[in-house]
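What follows is a short report on a single structure.
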Amino acid sequence: MSMRQISQARRAAAAVTAAVALTLALAACGSGDKQDKPSPAGQSSTPDNGGAVDQGGNGDPGSAKPPSDKVIATLKGEKGIELDITAAVRDTGGFVTIQGNLRNTTDKDFQDTTDWRGSELEIAQAVGGGSLAGATFVDAKEKKRYYVLRDTENRPLVTTLSSVEAKASVPVFMQFPAPPETVNQVTFSLPTFQSVTLRLGSE
């Protein structure tokens with residue numbers, strides 16, 4: 001092979017090498033442009049989690065629990081029955097509502113609830129069973145006793161119940177006419193239970 005032919009072959013090889021290098025460089029640039037292409041406006045590159053709520057966070061509404069009733073007085077009755085009073089409130093309608101829970105602390109069902117309705121015959125006829133109709137409170141300041149309110153059919157506005165099961169707790173309420181605004185303390189009584197002094201709250 002002559003020197004001229006060798007020189008021509010080298011120039012051809014160099015041209016081919018340069019072309020291959022250029023092709024590889026262009027391919028690499030095209031691949032990079034595809035990977036770095038920005039997301040369209042208004043779209044995020046972060047995967048969507050479907051709006052799931054973090055169950056361990058404080059913002060979970062299901063983690064909030066209502067506060068338990070605060071017992072302001074406990075009255076002990078017969079045969080292991082206790083009355084926890086949780087509210088004694090003067091309402092805007094002109095009456096007082098006393099709320100609480102009757103608890104049977106024994107292993108036997110309690111059946112003597114008719115003792116709690118008092119001795120008034122009209123109430124016994126209207127209710128025909130056990131109730132808290134015998135409840136009263138005394139305003140020591142005005143020296144006046146208040147009895148539970150009744151509806152137009154002479155039924156007392158109180159909880160009615162025939163028994164309290166063993167180890168059970170039953171929510172109860174009683175409504176009375178409200179004493180004068182100057183009275184904020186009364187003595188509450190229910191047959192077979194001890195009496196207790198209650199301070200009246202407001203709505």
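For clarity, every value in this text was computed on a predicted model and none was experimentally measured.
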Assess whether side-chain contact (heavy atoms from CB on, under 4.5 Å) is satisfied between Thr136 and Leu190, documenting all intermediate values. CA-CA 7 Å; Thr136 62; Leu190 182 68; over 6 Å; no

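- Here the CD-CG distance, from Glu82 to Asn104, works out to 10.0 Å after rounding to the nearest 0.5 Å.
- Looking at every heavy atom in both residues, Ala73 comes nearest to Leu198 through CB-CD2, 4.0 Å.
- Between Val148 and Pro156, the closest side-chain pair of non-hydrogen atoms falls below 4.5 Å.
- Tyr146 has its ring centre less than 6.0 Å from the ring centre of Phe137.
- Linking ILVMFWY side-chain heavy atoms closer than 4.5 Å, directly or via other members, places Leu75 and Val138 in two distinct hydrophobic clusters.
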Let's go through Thr192 and Asp112 carefully: what are the C-alpha distance in whole Å and the side-chain angles of both, what is the deciding distance for side-chain contact (heavy atoms from CB on, under 4.5 Å) to 0.1 Å, and is it a yes or a no? CA-CA 10 Å; Thr192 76; Asp112 300 331; over 6 Å; no

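- Rounded to the nearest 0.5 angstrom, Ile85 CD1 and Asn101 CG are separated by 10.5 Å.
- Each of Met174 and Tyr147 belongs to its own hydrophobic cluster when Ile, Leu, Val, Met, Phe, Trp and Tyr are linked at side-chain heavy-atom distances under 4.5 angstrom.
- Rounding to the nearest 0.5 angstrom, the gap separating the NZ atom in Lys141 from the CG atom in Asp139 is 8.0 Å.
- Here the closest heavy-atom approach between residue Val89 and residue Ser202 is recorded as CG1-C, 3.7 Å.
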Val186 vs Thr197, test: side-chain contact (heavy atoms from CB on, under 4.5 Å). Steps then yes/no. CA-CA 6 Å; Val186 298; Thr197 299; over 6 Å; no

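- Counting all heavy atoms, side chain and backbone alike, Ser131 lies closest to Thr160 at CB-CG2, 3.8 Å.
- Pairs engaging residues 166-187 under the side chain to side chain donor-acceptor pair (under 3.5 Å) rule: Thr97-Gln175, Gln185-Arg199 [sequence neighbours left out].
- Each of Val170, Asp84, Val164 was evaluated against Arg103; a single residue qualifies, Asp84, per the side chain to side chain contact (heavy atoms under 4.5 Å, CB included) test.
- Distance check, rounded to the nearest 0.5 Å: OG1 of Thr86 to CD of Gln99 gives 5.5 Å.
- Cluster partners of Leu157, using a side-chain heavy-atom cutoff of under 4.5 Å among ILVMFWY residues and allowing indirect links, are Phe95, Leu149.
- Atom CG of Leu200 sits about 5.5 Å away from atom CZ of Arg90, to the nearest 0.5 Å.
- Within the structure, every pair that satisfies the ring-ring contact (aromatic ring centres under 6.0 Å, His included) test and touches residues 182-203, not counting sequence neighbours, is listed here: Trp116-Phe193.
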Go through the steps to decide whether Thr113 and Asp115 satisfy the test side-chain contact (heavy atoms from CB on, under 4.5 Å), and finish with yes or no. CA-CA 5 Å; Thr113 60; Asp115 293 340; over 6 Å; no

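- With respect to the salt-bridge test (charged N to carboxylate O, under 4.0 angstrom), the residues Glu142 and Lys144 do not qualify.
- Heavy-atom neighbours of Glu165 CD from other residues, nucleotides or ligands within 6.0 Å: at or below the threshold of 12.
- Distance check: Ser189 OG to Gln194 CD gives 10.0 Å after rounding to the nearest 0.5 Å.
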